[in-house]
There are 2 protein chains.
Amino acid sequence: MISKPELSIPEPTLRRLPRYYNYLKELLKVGREIVSCTHIGKDLDLDPPQIRKDLAFTGIRGVPKVGYQVEVLLKSIEDFFGWNNIDEAFLVGAGNMGRALIGYQGFSRYGFKIIAAFDNAPEIIGQTINGVEVLPLSKIKSLCKRMNVKIGVIATPAHAAQEVAEMMIAGGIRGIWNFAPAEIRAPEGVIVQNENLATGLAVLCKKLQMLQQSGKFRQEVEK
Amino acid sequence: MISKPELSIPEPTLRRLPRYYNYLKELLKVGREIVSCTHIGKDLDLDPPQIRKDLAFTGIRGVPKVGYQVEVLLKSIEDFFGWNNIDEAFLVGAGNMGRALIGYQGFSRYGFKIIAAFDNAPEIIGQTINGVEVLPLSKIKSLCKRMNVKIGVIATPAHAAQEVAEMMIAGGIRGIWNFAPAEIRAPEGVIVQNENLATGLAVLCKKLQMLQQSGKFRQEVEK
DNA sequence: GTGTAATCGAGAAAAATTTATCGATAAAAA
DNA sequence: TTTTTATCGATAAATTTTTCTCGATTACAC
Ligand SMILES: NC(=O)c1ccc[n+]([C@@H]2O[C@H](COP(=O)([O-])OP(=O)(O)OC[C@H]3O[C@@H](n4cnc5c(N)ncnc54)[C@H](O)[C@@H]3O)[C@@H](O)[C@H]2O)c1
Ligand SMILES: NC(=O)c1ccc[n+]([C@@H]2O[C@H](COP(=O)([O-])OP(=O)(O)OC[C@H]3O[C@@H](n4cnc5c(N)ncnc54)[C@H](O)[C@@H]3O)[C@@H](O)[C@H]2O)c1
């Protein structure tokens, strides 16, 4: 039987898995060795069947009445995402956000490492941030090719994003993690992941607003 | 007929609306006054009926054969989210990420403003970042109450997140925008919006991996 | 004026995702 | 050993979200 390359994993599942992973890492720290979906569900406020289904995508099998071994489960998620072999990435735009990303150690857990930064501001070029050198943007294409880098992070202002993306793609980059609030056009085969923080903010504020309104509404009805 | 407070707006819609907003702002810059869903759909790679449905939630009505007036549409989204009146927020954890958030001007578009920061590191307390003072964490509860701040941003390490959240909630904060990879437990009535960057990263890397595998797979089949 | 084409709104259909159900299994208790 | 209980995997049902369809409306060309 052919083990077909699973092409259809629900994106919500993909988004929940790293959350489970963080949670399980904490469990391990506390010394817990075994955990059930019921237990996870209680802590993460999710339904056990959904968690089971999500975890099943990583190929793990649980034991009835017991659950899963935390360590095995962690390994299963790591393998699923391929976090064992490191993805090296270039970042463009060593401003406030760019520096925060460069300096952040937490990404190593996800097999991700920014190995060089690029900018076009002369006063920034040449600096070293957390051991990562800032190079002139003009070098990105040739360096991408030479170092076979496949992932690029965009942390420039929005107006520069498209241009930067095109340089990355010209260098052979296939995945772009974009922090600029801009619509990037890319050819098929290049994946653009937009990290628009304002989206989360808007959702938070709207939910808060709705909560307040429903509270007011309830009060008025009660009168 | 009672205009019930709409409590059930699909979250995907909520997440797409700020994207439309950014896009429309760009259109306005370019001098475009009118736009149809067909047009938006082409640029944003979304289906026109979905866009129409999303926009309808803000209460706007379009004109057949024409579309929407860009300016009116922008206003409609602004009103929907309440971006006219500013939400003031406190931020805790003036590290790399915290500083980037404090310094970012882009949030003003969404009626959001960080008016003070808090930290527990003596060398950071007392600093001023982009006109925002960093105060000792111990003061957060009383200041929240005094200034009637309802939104808090957490940019501390994960291990401090729960404790910080509790101080915020004790001060009356109702919405928490959490950047720490931690599960925050909060009572009902408090909204926690997790901004876990690693999630987006994991999705990107996995999609890339799947793309490569399907490519390899296709090549093998072709042999 | 009249015809044509583009777009809208509303509602139906389809697809994806979440939630519930049920028999099976393994551990712990009786 | 037998019973009870918790949990799993698989499948079915429900819900949510996306996509499609269709009649109505309006601008523009003729
Ligand atoms: N700082 C935040 O909290 C935050 C939040 C949400 C989104 N963003 C987005 O992230 C991006 C970066 O934000 P920031 O606050 O770090 O801005 P910033 O101004 O601090 O940094 C931008 C950097 O990009 C560089 N740059 C500008 N044009 C360039 C070009 N054409 N090529 C290469 N480098 C170029 C600048 O020299 C600067 O170093 C922006 O698009 C912003 O909208 C930032
Ligand atoms: N930097 C990034 O790119 C990035 C990316 C993803 C997630 N995050 C998350 O954002 C958070 C902050 O990251 P960072 O890179 O800014 O870290 P950082 O170490 O630069 O900053 C953390 C700040 O929090 C303060 N702090 C620590 N404990 C505190 C407490 N109990 N009360 C108040 N302040 C306290 C520290 O003094 C420091 O100023 C972390 O949870 C991190 O995992 C950061």
Side-chain angles (χ1 to χ4, degrees), chain A residues 1 6-20 23-24 27 32-73 76-77 80 199 202-203 206-207 210, chain B residues 1 3 6-20 23-24 27 32-73 76-77 80 199 203 206-207 210:
Chain A
M1 188 164 281
E6 184 57 85
L7 233 354
S8 55
I9 294 147
E11 178 146 341
T13 294
L14 237 37
R15 301 192 139 265
R16 279 188 298 266
L17 281 170
R19 194 168 161 219
Y20 300 140
Y23 167 78
L24 292 166
L27 279 193
R32 198 179 173 96
E33 290 181 359
I34 285 178
V35 70
S36 72
C37 289
T38 319
H39 189 105
I40 301 178
K42 227 164 254 160
D43 285 348
L44 262 48
D45 203 26
L46 292 169
D47 283 328
Q50 177 168 77
I51 299 170
R52 222 169 278 142
K53 205 169 271 189
D54 286 341
L55 297 180
F57 275 106
T58 71
I60 203 170
R61 281 189 67 90
V63 181
K65 172 76 183 178
V66 177
Y68 307 82
Q69 278 185 277
V70 177
E71 251 177 294
V72 178
L73 192 42
S76 180
I77 297 174
F80 174 77
T199 297
V203 171
K206 184 67 194 178
K207 282 186 180 170
M210 291 196 299
Chain B
M1 188 163 282
S3 79
E6 185 57 85
L7 232 355
S8 55
I9 294 145
E11 179 145 340
T13 294
L14 236 37
R15 303 193 137 263
R16 280 189 297 267
L17 281 169
R19 193 167 162 221
Y20 300 140
Y23 167 78
L24 292 165
L27 279 194
R32 199 178 172 97
E33 290 180 359
I34 284 177
V35 69
S36 73
C37 289
T38 319
H39 189 104
I40 301 178
K42 227 166 254 160
D43 285 348
L44 264 48
D45 202 27
L46 291 170
D47 284 327
Q50 178 168 77
I51 299 170
R52 224 170 275 140
K53 209 167 268 190
D54 287 340
L55 298 180
F57 275 105
T58 71
I60 203 169
R61 281 189 67 90
V63 181
K65 171 78 183 175
V66 177
Y68 306 83
Q69 278 186 279
V70 177
E71 252 177 293
V72 178
L73 192 40
S76 179
I77 296 174
F80 173 77
T199 296
V203 171
K206 185 68 193 178
K207 281 186 180 169
M210 292 195 297

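Note that the coordinates shown come from a computational prediction; the quantities given were computed from them, not determined experimentally. Letters A, B, ... mirror the listed sequences (proteins, then strands); counts begin at 1.
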Original post:
In whole angstrom, what separates A:Q69's CD from C:dA27's P?
Top reply: 12 Å
Subject >> Distance in angstrom units between B:K65 NZ and C:dA6 P, rounded >> reply: 6 Å
Original post:
Would you find more than 12 non-hydrogen atoms of other residues, nucleotides or ligands less than 6.0 Å from B:E33 atom CD?
Top reply: no
Original post:
Does C:dT18 have OP1 or OP2 sitting under 4.0 Å from an N or O in the side chain of A:R16?
Top reply: yes
Original post:
Given atom CG of A:D45 and atom P of C:dT18, what is their separation to the nearest angstrom?
Top reply: 14 Å
Subject >> Identified side-chain contact (heavy atoms from CB on, under 4.5 Å) partner of A:L73 from the options A:I34, A:L27, A:L24 >> reply: A:L24
**OP:** Report the residue (B:H39 or A:P10) whose heavy-atom-nearest nucleotide on DNA chain C is the more 5′ of the two.
**Re:** B:H39
**OP:** Considering only heavy atoms of chain A and a distance under 4.0 Å, specify the first and last nucleotide of DNA chain D in 5' to 3' order that meet this criterion.
**Re:** D:dT5 to D:dA12
Original post:
Expressed in angstrom and rounded to an integer, what is the separation of A:F57 atom CZ from C:dA16 atom C1'?
Top reply: 11 Å
Subject >> Spacing of CD1 belonging to A:I40 relative to CZ belonging to A:R19, to within rounding of 0.5 Å >> reply: 11.0 Å
Subject >> Between C:dC8 (P) and B:Q50 (CD): distance, integer Å >> reply: 14 Å
Give every pair of a protein N or O atom and an N or O atom of nucleotides 9-11 of chain C that lie under 3.5 Å apart, one pair per line with the distance.
residue : atom : partner : partner atom : Å
C:dG9   : OP1  : B:G62   : N            : 2.7
C:dG9   : OP2  : B:Y68   : OH           : 3.0

Subject >> Residue pair A:M210 / B:I9, side-chain heavy-atom distance below 4.5 Å >> reply: yes
Just distance, no hydrogens or angles: give the donor-acceptor pairs under 3.5 Å from side chains in residues 43-68 of chain A, sequence neighbours left out.
residue : atom : partner : partner atom : Å
A:D43   : OD2  : A:Y23   : OH           : 2.5
A:D54   : OD1  : A:T13   : OG1          : 2.8
A:D54   : OD1  : A:R16   : NH2          : 3.1
A:D54   : OD2  : A:R16   : NE           : 2.6
A:D54   : OD2  : A:R16   : NH2          : 3.3
A:D54   : OD2  : A:Y20   : OH           : 2.6
A:T58   : OG1  : A:L55   : O            : 2.7
A:T58   : OG1  : A:S76   : OG           : 2.8

